[in-house]
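Everything below concerns the one structure shown next.
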Amino acid sequence: ALLLLLLLRAERLRGAELTFELPDSAKQCFHEDVEQGAKFSLDYQVITGGHYDVDCYVEDPLGNTIYRETKKQYDSFTHRAEVKGVYQFCFSNEFSTFSHKTVYFDFQVGDEPPILPDMGNRVTALTQGFGALCPW
């Protein structure tokens, strides 16, 4: 049953995970088609280079910037898509004229359901039962 739950979970999530080189004075953008109302998340980290920092921004299909951070080593961003279409996320090293960076990112689309949805109730019941059995 756990395998089935993991397979169902895998079907509801999609996205991309990538490590790439970002040369000095360069910008690299990625695109993902997202349905309206879908949740997506972007996690990134600079692995090597310079001060381990990059600029990052996310734009919705209308060109609105919905996330922007400058000179960050790592960050996470989660958003629910207000409009359907292609979302763009970019990493920029344009402020650096001499050091290239290695950047890792994980971009996921979809709601991540709990693997065992009733686990919280079961833990509470077990904890309460344990307290009743052990008087100390």
Side-chain angles (χ1 to χ4, degrees):
L2 182 58
L3 180 58
L4 178 61
L5 285 170
L6 290 174
L7 288 173
L8 289 173
R9 180 173 179 249
E11 281 184 21
R12 291 187 63 186
L13 282 177
R14 65 180 174 80
E17 187 176 12
L18 183 68
T19 301
F20 68 97
E21 296 290 320
L22 185 60
D24 56 274
S25 304
K27 179 169 79 170
Q28 179 74 46
C29 294
F30 302 88
H31 305 86
E32 187 71 35
D33 194 19
V34 180
E35 295 293 322
Q36 182 177 2
K39 187 173 110 181
F40 63 87
S41 64
L42 172 65
D43 299 302
Y44 65 91
Q45 180 173 359
V46 181
I47 300 170
T48 64
H51 294 289
Y52 296 89
D53 56 353
V54 293
D55 296 345
C56 179
Y57 66 89
V58 179
E59 288 184 351
D60 70 12
L62 304 174
N64 299 314
T65 302
I66 54 176
Y67 168 85
R68 178 181 299 276
E69 287 293 335
T70 57
K71 296 188 177 183
K72 296 281 279 198
Q73 180 178 353
Y74 59 88
D75 203 10
S76 295
F77 170 70
T78 302
H79 186 75
R80 192 162 299 275
E82 294 173 13
V83 294
K84 176 189 181 337
V86 176
Y87 285 73
Q88 173 177 262
F89 55 104
C90 298
F91 300 94
S92 171
N93 193 23
E94 293 169 306
F95 59 85
S96 179
T97 55
F98 60 89
S99 68
H100 81 280
K101 316 279 171 67
T102 303
V103 180
Y104 162 82
F105 76 82
D106 184 12
F107 187 85
Q108 297 293 326
V109 179
D111 288 310
E112 188 172 341
I115 294 176
L116 298 171
D118 294 331
M119 194 54 147
N121 294 340
R122 224 174 290 149
V123 170
T124 302
L126 287 172
T127 305
Q128 289 171 342
F130 181 78
L133 293 174
C134 299
W136 60 81

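All residue numbers refer to positions in the sequence shown, counting from 1. What's counted below: heavy atoms across the whole structure, side chains too, no hydrogens, waters or symmetry copies.
- Between Val46 and Thr102 there is no side-chain heavy-atom pair separated by less than 4.5 Å.
- Phe20 has its side chain within reach of Phe30: a pair of non-hydrogen atoms, C-beta onward, lies under 4.5 Å apart.
- A cation-pi arrangement, defined by a distance under 6.0 Å to the six-membered ring centre and an angle within 45 degrees of its axis, is present between Lys71 and Phe95.
- When only modelled atom types and interatomic distance are considered, Tyr67 and Asp75 share a side-chain donor-acceptor pair under 3.5 Å.
- In this structure, the separation between CD on Gln28 and CG on Asn93 is 11.5 Å, given to the nearest 0.5 Å.
- By the 4.5 Å heavy-atom criterion applied to side chains, Glu69 and Tyr44 are counted as neighbours.
- Cluster membership for Leu62 and Phe77, using ILVMFWY side-chain heavy atoms within less than 4.5 angstrom, is shared.
- Apart from Tyr104 itself, the hydrophobic cluster it occupies contains Ile47, where clustering links Ile, Leu, Val, Met, Phe, Trp and Tyr at side-chain heavy-atom distances under 4.5 Å.
- Aromatic rings from Phe40 and His79 are positioned such that their centres are separated by under 6.0 Å.
- No side-chain donor from either of Ser41 and Thr78 sits under 3.5 Å from a side-chain acceptor of the other.
- Taking the six-membered ring where tryptophan is involved, the planes of Phe105 and Phe89 are perpendicular, since the angle between them exceeds 60° and thus also 30°.
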Next item on the list: Apply the test side chain to side chain contact (heavy atoms under 4.5 Å, CB included) to residues Glu32 and Val109: give CA-CA distance (whole Å), side-chain angles for both, the deciding distance (0.1 Å), then the verdict.
Entry: CA-CA 9 Å; Glu32 187 71 35; Val109 179; 3.9 Å; yes
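- If you chain together ILVMFWY residues whose side-chain heavy atoms come under 4.5 Å of each other, Tyr74 ends up in a group of its own.
- Using modelled atom types, no side-chain atom of Arg68 and backbone atom of Tyr57 make a donor-acceptor pair closer than 3.5 Å.
- Annotation: side chain of Gln45 is not in contact with side chain of Val103 (no heavy-atom distance under 4.5 Å).
- Between Leu22 and Val54 there is a side-chain heavy-atom pair separated by less than 4.5 Å.
- Hydrophobic cluster membership is shared by Val83 and Ile66, with clusters built from Ile, Leu, Val, Met, Phe, Trp and Tyr side chains linked at under 4.5 angstrom.
- Screening residues 24-64 for disulfide bond (SG atoms under 2.5 Å apart), with sequence neighbours left out, gives Cys29-Cys90.
- Within a 6.0 Å sphere centred on CD of Glu82, heavy atoms belonging to other residues, nucleotides or ligands number 12 at most.
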Next item on the list: List the steps and the verdict of side chain to side chain contact (heavy atoms under 4.5 Å, CB included) for Val58 and Leu42.
Entry: CA-CA 9 Å; Val58 179; Leu42 172 65; 4.0 Å; yes
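- One distance of note links NZ of Lys84 with CD of Glu35; it measures 4.0 Å at 0.5 Å rounding.
- Here the closest non-hydrogen pair linking Val34 and Ala81 is CG1-CB, 3.7 Å.
- Distance check: Gln88 CD to His31 NE2 gives 4.0 Å after rounding to the nearest 0.5 Å.
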Note to self: The test is salt bridge (charged side-chain N to carboxylate O under 4.0 Å, His left out); show your working for Lys101 and Asp53 and say whether it passes.
What the structure shows: CA-CA 8 Å; Lys101 316 279 171 67; Asp53 56 353; 3.1 Å; yes
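- If you check the side chains of Glu94 and Ser25, you find no donor sitting under 3.5 Å from an acceptor.
- For the atom pair OG of Ser99 and NE2 of His51, the computed distance is 7.0 Å after rounding to the nearest 0.5 Å.
- A side-chain N or O of Ser76 and one of Asp43 form a donor-acceptor pair less than 3.5 Å apart.
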